[in-house]
Amino acid sequence: MNDQAEALRHLVHTKSSETVKTTRIITITSGKGGVGKSNFSLNFAMALQKRGYSVLVFDADISFANIDVLLGTPAQYNLIHLLKGEKTIWEIIQIGPNGLQFIAGGSGFKDLVRLSEEQLEYFALQIGKLNGHVDFILFDTGAGLSKETARFIAVADETIVVTTPEPTSITDAYALIKMVKLMGHQIPFRLVVNRVMDDREGKQTADNMRQVAQQYLGLDLPVLGFIPDDSNVTRAVKRQTPLSVAFPDSAATRGIDRIAASFLLEHTSQPTRGLAGFLNRMKKLWS
Ligand SMILES: Nc1ncnc2c1ncn2[C@@H]1O[C@H](COP(=O)(O)OP(=O)(O)O)[C@@H](O)[C@H]1O
Ligand SMILES: [Mg+2]
């Protein structure tokens, strides 16, 4: 048994004496790729941690998993080990900078199609164990509405859609929301506008999207906040260090921090979908 697994078991063990947490699942997604979902997920997680919440980031981008690369923390075990039934959920949770808990995606998606019923059952049961372990699970998905991403959206309490002010990113984000709506899922969406020149551009983008979603989909699309275009993001990626660790005072870090603050403000007034449903929702993930 390695030290990390030991530490986690201890963590889990000591949790039992405390009040049981209600775990809220947030899926982070986008229409177009490369809009900043993964960087947002990581730094949003760290901003929530800074405010005293425990968070687990789950790399749900099956094709292009890269959370471990962004964190500069090579993952010993990943999602694939769990899916194959080789490791338990506690063994695949890795610890990144600032003690951030994450599950790396790994590669080898093709193997998934060969999973047996028992393997899927094992996967769902293991993921279900995360209930109460942390305050928030963030699913960082791939771009566009793949079958897998639709599942992650369907089991979440809420979906955060990331877009940039570019028209291509906006139309793709809208198309994704529309598809989810047409699939009949009643998941609340909120918008994050990344890489804005200024707040005015962010507000304009958000207002446009909100209006179109309201008019054509009858859907409320509140904005969670804006993140400025900031070269420190690219710098942090190159250093393989999360932005909020490498550049805590940068404009983008501050933007994400404001988003965490407004997210938590809303969060306290929102009901979750309940503890009992957690496992059933997880079973839906790969069934
Ligand atoms: N706020 C930002 N300012 C400047 N560049 C950014 C910003 N957010 C993201 N980027 C750039 O976009 C790239 C892709 O980000 P990433 O989080 O990997 O996107 P996704 O997960 O949506 O594919 C980053 O490596 C960085 O260069
Ligand atoms: Mg990504």
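Start at 1 and go down the list; that is how both ligands and their atoms are numbered. For reference, positions follow the sequence shown, starting with 1.
In summary, of the residues considered (L130, D157, N131), a side-chain contact (heavy atoms from CB on, under 4.5 Å) with I25 occurs for D157 alone.
Put simply, S38 gets within reach of the Mg ion (ligand 2), with an N, O or S atom under 2.8 Å from it.
Side-chain contact check for D135 and S54: at least one donor-acceptor pair (N or O, by modelled atom type) lies under 3.5 Å. Between the side chains of T27 and T159, not a single donor N or O lies within less than 3.5 Å of an accepting N or O.
Residues that satisfy the side chain to side chain donor-acceptor pair (under 3.5 Å) test with S244, not counting sequence neighbours, are N43.
Taking the six-membered ring where the residue is Trp, H133 and W90 present perpendicular rings, their angle passing 60° and hence far from 30°.
Residues K50 and D257 are paired through a salt bridge, judged by an N-O separation under 4.0 Å between the basic side chain and the carboxylate.
Closer than 4.0 angstrom to ligand 1 by heavy atom are G34, V35, G36, K37, S38, N39, N194, R195, I227, P228, D229, D230, V233, T234, V237, sorted by chain and number.
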